[in-house]
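Scroll down for the structure; my scribbles are underneath it.
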Amino acid sequence: MESLPASPEVVAALVENHRRFLAFVERHVGSRDVAEDILQDAFVRGLSRAGQLRDQDSVVGWFYSSLRNALADHWRRIGAERRIFQDADAGVEPSVDPELMRTVCECATALLETLKPEYAEVLRRVELDGIAVKEYARQSNVTPNNASVRLFRAREALRRQFERSCGTCAEHGCLDCGCDGSACR
């Protein structure tokens, strides 16, 4: 089923309520930056489905429902990330194929330069240098939770850069990477 474009009235209602939506999300996550990211993603997803609304008057309530779903997704991701870090802090090593690690696309280090400096730094320190997230947090003078969130966002930003520059190898792995690396330079 093809999605219809959102009507100007729907878009106007969403824009008019932007501050209320942002305040709602910020109350639930405690961070303006995180709230802005969640709201932006919800706007993108919501606008792609807003053309299906039959009752234009219900757009604000419908969007609050979408925001509640986005918040639930956010906290699910955070919970999964915390479990990963707890395992890492407890010394539980994930099973990683050494051959896969050796054959990862060389684009990764070049793509780090396209990220925000703090994202590139956390990925270099934690993923490449292998320091613990808690140690990175201490060295960077941020809380461990902030460092975990920054690492999560950095990974997501790097994933998006992979998708933009390397295409399907970002989805299916770099073992059969067909990119020549020129998009990463």
_Contact summary for F63 and L39, nearest pair of heavy atoms_ = CE2-CD1, 3.8 Å
_Side chains of L128 and L123, heavy atoms from C-beta outward: is any pair under 4.5 Å?_
no
_Rounded at 0.5 Å granularity, tell me how far CD in E121 sits from CG in L112._
10.0 Å
_Check R159 with E156, please: is the shortest side-chain N to carboxylate O separation under 4.0 Å?_
yes
*asked:* Check whether H28 reaches the backbone of F24 with its side chain - one donor and one acceptor, N or O, closer than 3.5 Å.
replied: yes
*Interatomic distance, W62 atom CH2 to L14 atom CG [nearest 0.5 angstrom]*: 6.5 Å
_So, taking the atom named CG in L67 and the one named CD1 in I38, what distance separates them when rounded to the nearest 0.5 Å?_
9.0 Å
*Please round to the nearest 0.5 Å and tell me the distance separating atom CG of L151 and atom CD of E118.*
13.0 Å
*Looking at NZ of K134 and OG1 of T143, how far apart are the two atoms once the value is rounded to the nearest 0.5 Å?*
12.0 Å
*So do the side chains of H74 and D37 get within less than 4.5 Å of each other, counting heavy atoms only?*
no
_Ion pair R125/E135, N-O distance below 4.0 Å_ = no
*Can you name the residues that form a side-chain contact (heavy atoms from CB on, under 4.5 Å) with Q40, not counting sequence neighbours?*
V44
*Within-4.5 Å side-chain heavy-atom neighbours: V25 and F21*: no
*Thinking salt bridges, do D129 and R124 make one under a 4.0 Å N-O criterion?*
no
*asked:* I need the minimum non-hydrogen distance between G61 and R68, along with the two atoms involved.
replied: O-NH2, 4.5 Å
*For E16, which residues count as a side-chain contact (heavy atoms from CB on, under 4.5 Å) partner, sequence neighbours excluded?*
A12
*Roughly how far apart are E36 CD and D41 CG, rounded to 0.5 Å?*
12.0 Å
*Give the ring-plane orientation class for H18 versus F43, where under 30° counts as parallel, over 60° as perpendicular and anything between as tilted.*
parallel
*So, for V142 and N146, which heavy atoms are closest and what is the spacing to 0.1 Å?*
CB-OD1, 3.8 Å
*Please report the closest heavy-atom contact between V29 and L71, naming both atoms and the distance.*
CG1-CD2, 3.6 Å
*Between Y136 and R150, is any side-chain donor less than 3.5 angstrom from a side-chain acceptor?*
yes
*List the atom of A147, the atom of V133, and the distance in Å for their closest heavy-atom pair.*
CB-CG1, 3.9 Å
*Candidate pair V122 and E127, rule side-chain contact (heavy atoms from CB on, under 4.5 Å), full reasoning*: CA-CA 8 Å; V122 70; E127 300 293 351; over 6 Å; no
*What are the two closest heavy atoms between A154 and L115, and how far apart are they?*
O-CD1, 4.2 Å
*asked:* Using a 6.0 Å cut-off, check whether atom CZ of R19 has over 12 heavy atoms from anything other than its own residue.
replied: no
